[in-house]
Structures are given as C-alpha cells and as structure tokens.
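What you see is a predicted model; the values in this text were computed from it and never measured. Whatever order the structure lists ligands and atoms in, that order sets their numbers, starting from 1.
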Amino acid sequence: MTQHARQSGHFGRTTVGLALAITILLLASPAAAQNASNATLARVLVLGTGGTIAGQASARAGNAYDSGKVSSADLIAAVPGMDKLARISAEQISSIGSQDMNDKVWFDLARRIRAAIDSNEVDGIVITHGTDTMEETAFFLQNVIDTDLPVVLVGSMRPSTAIGADGPANLYEAMRVASAPEARGRGVLVVLNDTIHGARWVTKTNTTSVETFRSPDAGPVGYVDTGSLRFLQPAAPAKGAKLKLPEAPPLPRVDIIYSHANMDAAPIEDAVKRGAKGIVLAGVGDGNSSKAAIDALAAAAKQGVVVVRASRVGSGFVNRNVEVEDDKLGFAVSLDLNPQKARVLLELLIANGVTDPKAVQQAYGATP
Ligand code: ASP
C-alpha cells in the first residue's frame, strides 16, 4: 500500500509528517510486501474529505465528537484485509465535517478524480465524506465526471472512537465496490450499511441511525458485505454528455427557499436582493407554495432568476402545470430530485449558461 499525502488547505505539516511516517511503516510491513506482488489487484485511490467516519471523541462532555480528525491513510490502516482487496493509495483533500462542504472542495475533488482517470492511475475511486451533505457531493460529481470507473462515496454515522463504529465495515465495503468490475458504468455510488445507492436517488433520512441512507423513489442499486457484492440490475448504458466544470469556484448563487403554512414573499424577495441567480423552491406537497410566494417567484423569473420547483416531502416526483402554471410563469420542476440536489444541478446549469426554462427542464428530465 502506498500513501501520498497531498498538501491542501486543511492538511498541515504535522499531518503530512504523520502520513509520511505511515508510508514508511506500511511500505516496510508484510502487507505492503504482499501488495507489491498483487499486481493484478485493482488500483483504488482514496480521497479523504473528513466527516464522522474520520471523527474522534472530543474532550467536551457526553458523546460529543469532532468530525474530520483522522486522515484517510490512518482510516485505511485501521481496517484489516484492505490490502487484499486493492492496491490502495490515499490522499487528503480536506478535513472537514460535511456541514462545511463547499465549492472549493468540490472542485478539488473533481479535478483530482479527472487527473487520476486521465493519467490511467486508477481503476476506482473511494471518497471518505461526512454523511450530512454526502448526497450533494455525490450528485455534483455525477454531473461533472464522465467515466465508467466506479466512484464511491463512503462515510459513517458513528465516529471512529465510538463503541460499534460503523466506519471500518463501510470503508471495507466501499473498497470492495470500487475495486469491482461489476461496479463500472453505474455512475457515482454511495455505500453505507451494506447498501449501495445511486447518486441521483440517495438521500439521508435519519439523523442518527446507521440505516440512514435510502433511495425513496428508486430503491438501492445493490448490496455489499464482507463476502458478497450484488447489483440488482445490469449497469445502464453510458449516459453521454455531462456538464462542464467551470474554470474555478465559486458556482453561481442558488438559494433554496423552504415553503410552509402562512408563507409570505419576503424570503424570495430577499434572495433576489442578495443576488441569487437561481431559486429552488422546497415546496409543500407537489412543489407548491402560497399565492404570495408563487407570485414572488414569477416576478423573480421575469427578472431572469431561474426558478425550479422541488418538494420538501422527501419522495415522489414534482409534476408540471398541475396546480402551478409552470409554462405561463416560466418555471422548471425538479421531478425526483430533492431540493438540495436540484440546487446543485441548477448551479451547474447556470454556470454552463443554461437558463432558458425549457432547456433547464430538459436537464432535470423529460416530463410527460
Ligand atoms: N456532521 C457529520 C458530517 O457530515 C455527520 C456525519 O458524517 O455523519 O461530516
């Protein structure tokens, strides 16, 4: 196993020193010697970003912990048998809780993945990531990375120092998926709790349970454990063109406005004043909202703000022109994309110059 510590924003000298020490230790270990002879194993690059999977108990009281304290190299070294699954290299992109996930880390991830694929360094990628915004990162990468190789996000619900930490098993299973030829051509995947989900459909549904990730409208794409890997369907044919990653962050500002009873126009007007280029409505029911809110969205659309109606409900498709006159008002609907993923897609579309409501709708998917 080789470990490369890449110096990036949050990855200081001490960590680099530690990673180098781990490199020497691992290269000198019997596992590394065996790895060297396992030239047929898949090459998997692990990119660490932080999260609870890299969390450690904190000095604060109770079950408090801090995300992103352990490097991906250390996480790998702590899981027995990883060297039998793949030839692994590890780099640290960031060390943050995913509540702090941001455009810079997304761009760093996308560029590193592309470089690794373009230079034929890897057969698969694993990204260790916090669970809070994992679905957004997965969906972002799904839109900007054009590859058949498996790109697998993994995290955990319990920190590495917890009793019954779920990180090691999740990491092992993610490595199984990332190194498997059967995982090719399936887009970006999320692996936790023995379950494999597709980036478009997966969402976090429970604040603390290890069984938090679900794909409400599509179901999981497969299952994995330490002994088996099963996909429920054959891989879909390649989808073709993807969206272009802009030259540099930040992505255009897109705000999510959460709809509720007794809603007025203020949050929408404020978003426009703050310079939002797009607004995603986390609407009630079928992407709906009060008359005051819909009128404010229509006024925003007239001014050139791109408006997409999604739903706060958590499952189901948002339909066009049912209670809201989308054609007349110039809105698009997100279909099965939840508000946080609808936002990611809208940021990328606006960055790519796609702002016409019909073209925007086409990007979310055809409607009946
Ligand atoms: N706040 C953490 C994060 O998203 C939670 C987790 O990883 O489960 O980084």
Discussion item. Suppose we measure from atom 8 (O) of ligand 1 to each protein heavy atom; which comes out shortest, and what is that distance?
Written reply: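 Checked against all protein heavy atoms, atom 8 (O) of ligand 1 sits closest to T131 OG1, 2.5 Å.
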
With heavy-atom distances below 4.0 Å as the criterion, list the atoms of ligand 1 near [X].
X: T52; result: 2 (C), 5 (C), 6 (C), 7 (O), 8 (O), 9 (O)
X: G97; result: 9 (O)
X: D132; result: 1 (N), 2 (C), 3 (C), 4 (O), 5 (C)
X: Q99; result: 1 (N), 2 (C), 3 (C), 4 (O), 9 (O)

Worksheet item: Are R60 and D66 close enough, and set up right, to give a salt bridge (charged side-chain N to carboxylate O under 4.0 Å, His left out), and what steps lead you there?
Response: CA-CA 10 Å; R60 288 174 284 126; D66 299 311; 2.6 Å; yes

Practice prompt. Can you figure out which of G167, P159, G68, S98 has its heavy atom closest to atom 9 (O) of ligand 1?
Written response: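 Looking at heavy atoms only, S98 sits closest to atom 9 (O) of ligand 1.
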
Worksheet item: Which part of S67 is near ligand 1, with near meaning a heavy atom under 4.0 Å away: side chain, backbone, both or neither?
Response: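 Side chain only.
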
Worksheet item: Parallel, tilted or perpendicular: which describes the rings of H197 and F213, with under 30° parallel and over 60° perpendicular?
Response: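 Answer is tilted, since the angle falls between 30° and 60°.
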
Practice prompt. Under the salt bridge (charged side-chain N to carboxylate O under 4.0 Å, His left out) rule, what do D166 and R158 come out as? Steps first, then yes or no, please.
Written response: CA-CA 6 Å; D166 51 331; R158 297 174 184 152; 5.2 Å; no

Item to complete: Tell me, please: is S156 in heavy-atom contact with ligand 1, that is, under 4.0 Å?
Response: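 Contact present.
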
Worksheet item: Looking at D326, D327, D286, which one forms a salt bridge (charged side-chain N to carboxylate O under 4.0 Å, His left out) with R320?
Response: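 That would be D327.
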
Worksheet item: With a 4.0 Å cut-off, would you call E91 and R112 a salt bridge?
Response: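 Judged by the 4.0 Å cut-off on N to carboxylate O distance, E91 and R112 do form a salt bridge.
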
Worksheet item: Would R200 count as a cation-pi partner of F139, with NZ or CZ less than 6.0 Å from the six-membered ring centre and within 45° of the ring normal?
Response: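 Checked: cation-pi criterion not met.
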
